[in-house]
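The next block holds one structure in the form of C-alpha cells; read it before the comments.
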Amino acid sequence: MNSNIILKVEKGRKYSEFLDNNLKRNIVACKQKGILHDLLDVCDASGDAEFIEITSEEGLKILRHSTAHLLANAVVELYPDAKPNTSNEDNNTFYYDFDMNPISIDDFPAIEKKMEEIAKRNEPIEKMVLDKNSILELFKNNPYKTDKINENVRENESSSVYKEGNYMEFCRGPHVPSTGFIKAFKLLSISSTNYEGDINKQKMVRIYGTSFPDKKSLKEFLLRKEEAMKRDHRRIGHEMDLFIFDNERAPGFPFYTPNGAIIRNELINYMKELNEKNGWEDVWTPHVYKEIIWRESGHYDKYKNDMFLFQLSNGDHYGLKPMNCPGHIAIFQRDVHSYREMPIRYSEAGTVYRYEKSGEMGGLTRPRVFTIDDGHGFLRADQISEEVTSLLKMVPFIFNTIMGDSEISYDLSTMDKSHPENYLISYMCLECNQKFEMRAASDELKCQNCGSTSLKEDFSMWDNATENLKSALNNLGLPYKENPGDAAFYGPKVDVHIRDALDRLWQVSTIQLDFFMPINFDLNYIDADGQKIRPVIIHRAIYGSYERFIAILLEHFNGKLPAWLSPVQAYVIPVSENYSGYAEYVHRELGKNHIRSRLDLSQNTISKKIKLIRSMRPSYIIVVGENEKNNGTISVRNRSDRTKTYTINDFINNVDKEIRSHNIKQIF
RNA sequence: GCCAUCGUAGCUCAGUUGGCAGAGCAGCUGAUUUGUAAUCAGCAGGUCGGGGGAUCGAACCCCUCCGAUGGCUCCA
C-alpha cells in the first residue's frame, strides 16, 4: 500500500518544486528525516525526501485531517456561533468536535453541500508561521483553541496556523495543498462528547465523517460498512438462534441456547486439548468468595465499584469473582512446592462477573458475565522466557487454525515511569533500608516500616519482566509495537490483535507477567538450598473471552462457521412427505456418525424449507426424494449454494474428516 | 455513569393534527404432496417497557423508573 516516491531535494527550495505536474496531482506532503512537511515548505537540508502519495496510509490520514478542517470550515460558515475544538482521524474516518447547539444527521446534507462548495473553489490551504501572541489574538474568541495554543506553544515561540479561505486553524499540519484535493467524502454520524473527555466540562457535538481520494473507494468503504452492519453478531446470533438477552431480568447477561452452547463447548474443548498438549492442567474454581480475597489481591481497592459485592443477612461480605487468578492462587497455596515441580500451570474456562456500567455494554463483546480461557502459570524467574515463548507459539497456531490465515499483531504494554502511582512497584526506604511494595500517589508514599518519606523507586522487577517479554517476541521474530503506559497495575503484558474479514482489528490474547500477586498472597516455593523463593505468575488468555471470540467468529464468517463449530452440520429435508422415511433414515445415519443433523418434516415446499433453513447457516442442506431413495444417495447443497450428489457413506466420511481436521473449507 | 435516539404480537415493523390497536413472517388447524431462496385458506396471538400525571378521551402530550442502540468515559 506504500507507494510513496523518494526524490532528491535541495536545501533552500520548496518541496513542490521537485514535482512534475503529473506527480503534483497525487502527492500531498513530504517527509524528510522522519518529519512531515507541507509541499510549500522550504527544505532545510539537501538529500532524499519521501513524497507522500494521497493513497498511502499517511497520505489518507493527511487527506482525512484536511477533510476534518473542511468540515469545520463549513460548520462555522453555516453556524457562526459554533466553536471548533479539535479533530482526529483513525481507521478510515475522522471526527471534529464543536461547541455548538445540537444538530442532527438531518443537517448533514446542508453541511456536505457547503463542504462540496468550498472544495470546488479549490481554496489553497496555506501555512502561516506566527508568534504565540499573534496566534492567541487570532483565536481569542475560541477558548478551546487558546487552551491548545497555551499547551503547545511556549512563550516567544512561534507555531503554524493554516488559512483556508476565511477559515483559520491552529494546527501542526501537514495538509493537502488545496481544498480541491478533497473529492470524495461523507459525513457518517453524530454523537456527543465532553471537552477533554471530562463529563464536568462543556458538552460538545462530535461529527464523524470519512474521506477518500476518489468516489470509487468511498463507495467501496460505505458498502463495507453496510456489510459490517448486516454482519452484526447480535443479528446473526438471533438468526442462528445462538443466544438471548433477557433485558428485564438480567441485563448484560447472555443466555446460550442449545445451538450457542454447541459453539461455546466446541471452543472450550479445543482449548482443553491444546492446554493439555502445552502442560496446562484443568482446574475449577468457585464463582463466589468472601470479600477478603479481593482485598488481598488488590482488586477490591481498584475495582470495587465494578464488582458484584453483596452482604448476607448474617453480615458476611461476599463478592462474585471478577478475575480467576485468586482462585488459582488458592489452589497453588494448598501445598508446599518444590522448585522441581515448577512451572505449575492451571487453566480453566473461568467465568467472571463485572458490573459494566449501563452505557458500556454491547451484545457479546461487552457483557457483564463472560468466560475467559484463563490460565495462571507459577514460574521460577529462569522459566519466564521459555513459558512466554511457548504461549506466543500457541497464538498463531490457534487463530490460523480457526480463522484461516489471519493477520496477527502484537503489542507490548509497558509501564509509564513518569506515573509510578498507576502501578504496584517496589520502594527502598533511604532511612531504614527496608524494601516494600505499594501503589500510591507520591504525596501518600511513606515507608511501611519507619514512616519515612525519603524513598527510592525500584523498577528492577518491571524492567526484568519487560525484557523477558521483549526477548521472547524477538526470538520468535514477531514484530511488535510498544505501548508505554498501557501495562496492568501489576505488570507488563503482551496483547494480541487479529484482523477480521471486514478489516477490523480485535484484541484477543493477552500474556501478562505479574511479580506482585505472589507478594500480595505471600507465595513461595522451596529452592535447591531449602530457601523460600517467590514465584512469578504469568496470566494468559488466548481466545480472550468466549463471548467476545464467538462474536468475532460470527462476524468474521458471517455466521457460516467451519463445520466443527457449526451448531447444525446437516439439515435433511425430504422433497415431500412420501420421502420422510428415507429422510429420517439419513438423519439417523448422520447422527450415529456424530454429525449434528436436523430434520425438517414440515409440509412446506422444498423451496420454502430452504428459504427458512438458510438463516440457520447449516454447513450442508441435504435434499432427498425419489432419486436419492432409489440409489441410496443424498443431494447435498453447500454454503455457496452449489449441489452435489453423494452416497451416504461418502458424505459421512468426507464431512467427518472435515470436522476432525477443523477444516475451514467445505468438502466441495 | 454522561449525551443523543429508541421501546407496539414470538420476530420484523406500520399506526396521520390525541378519537374503536394493524400488517408480514413464525405458530396452530385444514387443503395441497411438492426437486433446491416464501402453495392456498382459516384460527389464535397485545395491560402499546413499568409507574405516575394533565385531558371527556393517550401507543401518541408531560414527569419518573427500567431497558436497548450509537457515541463519550471506563474495560483488571
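Here is how names work: the chains are called A, B, and so on, in the same order as the sequence lines, proteins then strands, and each is numbered from 1.
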Show the atom names and distances, to 0.1 Å, of all donor-acceptor pairs under 3.5 Å that link a side chain in residues 349-361 of chain A to residues at least two apart or in another chain.
unit_1: Thr351(A); atom_1: OG1; unit_2: Thr371(A); atom_2: OG1; d: 2.8
unit_1: Tyr353(A); atom_1: OH; unit_2: His287(A); atom_2: ND1; d: 3.0
unit_1: Arg354(A); atom_1: NE; unit_2: Pro322(A); atom_2: O; d: 2.9
unit_1: Arg354(A); atom_1: NH2; unit_2: Pro322(A); atom_2: O; d: 2.9
unit_1: Glu356(A); atom_1: OE1; unit_2: Arg366(A); atom_2: NE; d: 3.4
unit_1: Glu356(A); atom_1: OE1; unit_2: Arg366(A); atom_2: NH2; d: 2.8
unit_1: Lys357(A); atom_1: NZ; unit_2: Asp306(A); atom_2: OD1; d: 2.7
unit_1: Glu360(A); atom_1: OE1; unit_2: Lys357(A); atom_2: N; d: 3.0

- Euclidean distance, atom NZ of residue Lys357(A) to atom P of U69(B) [Å, nearest integer]: 17 Å
- Message: Please enumerate all residues that pass salt bridge (Lys or Arg N to Asp or Glu O under 4.0 Å) together with Lys417(A), with sequence neighbours excluded.
- Response: Asp463(A)
- Query: Mind checking what makes side chain to side chain donor-acceptor pair (under 3.5 Å) contact with Asn142(A), not counting sequence neighbours?
  - Reply: none
- Message: Heavy-atom count check: over 12 atoms from other residues, nucleotides or ligands less than 6.0 Å from Tyr585(A) OH?
- Response: no
- Want to settle it: does Asn627(A) or His299(A) sit nearer the 5' end of RNA chain B, counting the closest nucleotide to each? Asn627(A)
- Task: Please figure out whether Gln512(A) or Ser358(A) has its closest RNA chain B nucleotide nearer the 5' end.
- Result: Ser358(A)
- When you check the phosphate oxygens OP1 and OP2 of U39(B), does a side-chain N or O of Thr605(A) lie under 4.0 Å from one of them? yes
- Query: When you compare G24(B) with C65(B), how far apart are their C1' atoms, in angstrom units rounded to a whole number?
  - Reply: 34 Å
- Item | Any donor-acceptor N/O pair under 3.5 Å between U36(B) base and Ser635(A) side chain | yes
- Item | Nearest-angstrom distance from the residue atom NZ of Lys629(A) to P of U33(B) | 17 Å
- Task: With heavy atoms under 4.0 Å as the rule, sort Gly363(A) into base, sugar-phosphate or nothing.
- Result: sugar-phosphate
- Taking N and O atoms by type only, does the side chain of Arg206(A) place a donor or acceptor under 3.5 Å from a partner on the base of C3(B)? no
- Message: Can you tell me if Ser607(A) touches the phosphate of U36(B), counting only side-chain N or O atoms and a distance under 4.0 Å to OP1 or OP2?
- Response: no
- Note on the structure: With sequence neighbours left out, the residues meeting side chain to side chain donor-acceptor pair (under 3.5 Å) with Ser347(A) are Asn275(A)
- Task: Pick base, sugar-phosphate or nothing for Met361(A), based on heavy-atom distances below 4.0 Å to the nucleic acid.
- Result: sugar-phosphate
- Task: Scan Tyr208(A) against the nucleic acid and name what it touches under 4.0 Å (heavy atoms): base, sugar-phosphate only, or nothing.
- Result: sugar-phosphate
- Task: For the side chain of Glu360(A), starting at C-beta, report the closest nucleotide among G35(B), U33(B), C72(B).
- Result: C72(B)
- Please state the C1' separation for the pair C60(B) and U16(B) - nearest whole angstrom. 11 Å
- Message: Work out how far the C1' atom of A58(B) is from that of G53(B), and round it to whole angstrom.
- Response: 12 Å
- Starting at CG of Asn422(A) and ending at P of A76(B), how long is that distance when rounded to a whole Å? 13 Å
- Is the count of non-hydrogen atoms from other residues, nucleotides or ligands lying under 6.0 Å from Lys186(A) atom NZ greater than 12? no
- Message: salt bridge (Lys or Arg N to Asp or Glu O under 4.0 Å) for Asp522(A) and Arg534(A)? Distances and angles first, verdict last.
- Response: CA-CA 8 Å; Asp522(A) 192 26; Arg534(A) 284 248 186 274; 3.0 Å; yes
- Met307(A) CE - C74(B) C1' separation (whole Å): 17 Å
- Task: Pick the P atom in G50(B) and in G27(B), then give their distance to the nearest Å.
- Result: 28 Å
- Message: From OH of Tyr579(A) over to C1' of U36(B), roughly how many Å is that when rounded to an integer?
- Response: 15 Å
- Query: In whole Å, what separates the P atom of A4(B) from that of U64(B)?
  - Reply: 13 Å
- All side chain to side chain donor-acceptor pair (under 3.5 Å) counterparts of Glu296(A), not counting sequence neighbours: none
- Query: Quick one: Asp374(A) CG to A76(B) C1', roughly how many Å, whole number?
  - Reply: 11 Å
- Answer yes or no: side-chain N or O of Glu628(A) and base N or O of G35(B) forming a donor-acceptor pair under 3.5 Å. yes
- According to a strict under-4.0 Å criterion, is Arg234(A) in side-chain N/O contact with OP1 or OP2 of U69(B)? yes
- Message: Listing request: all salt bridge (Lys or Arg N to Asp or Glu O under 4.0 Å) pairs with a residue in residues 596-607 of chain A, at least two apart in sequence or in separate chains.
- Response: Glu266(A)-Arg596(A)
- Query: Given the P atoms of C20(B) and C48(B), what is the spacing between them in whole Å?
  - Reply: 15 Å
- Item | Residues Ser409(A) and His497(A): side-chain donor-acceptor under 3.5 angstrom | no
- For Asp503(A), enumerate each residue passing the side chain to side chain donor-acceptor pair (under 3.5 Å) test, keeping only those at least two apart in sequence or located in another chain. none
- Message: Of the listed nucleotides (U36(B), A38(B), G67(B)), which one gets closest to any side-chain atom of Asn247(A)?
- Response: G67(B)
- Touch class at under 4.0 angstrom, heavy-atom based, for Lys302(A) against every strand present: nothing
- What interatomic distance, in whole Å, is found between C1' of U39(B) and the corresponding atom of C25(B)? 15 Å
- Dot-bracket encoding of pairs in RNA chain B, which uses [ ] for pseudoknotted crossings and | for another strand, Watson-Crick or G-U under 3.5 angstrom: (((((((..((((.....[..)))).(((((.......))))).....(((((..]....))))))))))))....
- Tell me: CE of Met616(A) to P of A38(B), nearest whole Å? 19 Å
- Item | C62(B) to A41(B) separation - C1' atoms, rounded to the nearest Å | 47 Å
Identify each atom pair where a protein N or O and an N or O of nucleotides 6-13 of chain B are less than 3.5 Å apart, giving names and distance.
none

Show me the side-chain donor-acceptor pairs of residues 513-521 of chain A shorter than 3.5 Å, one per line, residues at least two apart or across chains.
unit_1: Asp514(A); atom_1: OD1; unit_2: Phe516(A); atom_2: N; d: 2.7
unit_1: Asp514(A); atom_1: OD1; unit_2: Met517(A); atom_2: N; d: 2.9
unit_1: Asp514(A); atom_1: OD2; unit_2: His539(A); atom_2: NE2; d: 2.8
unit_1: Asn520(A); atom_1: ND2; unit_2: Ser297(A); atom_2: O; d: 3.2

- Query: Who pairs with Asp246(A) by salt bridge (Lys or Arg N to Asp or Glu O under 4.0 Å), at least two apart in sequence or on another chain?
  - Reply: Arg249(A)
- Task: Could you tell me the separation between the CG atom of Asp97(A) and the C1' atom of C2(B), rounded to a whole number of Å?
- Result: 15 Å
Show the distances under 3.5 angstrom between N or O atoms of the protein and N or O atoms of nucleotides 24-31 of chain B.
unit_1: A26(B); atom_1: OP1; unit_2: Lys608(A); atom_2: NZ; d: 2.8

- Query: Roughly how far, to the nearest 0.5 Å, is the CD1 atom of Ile331(A) from the NE2 atom of His328(A)?
  - Reply: 6.0 Å
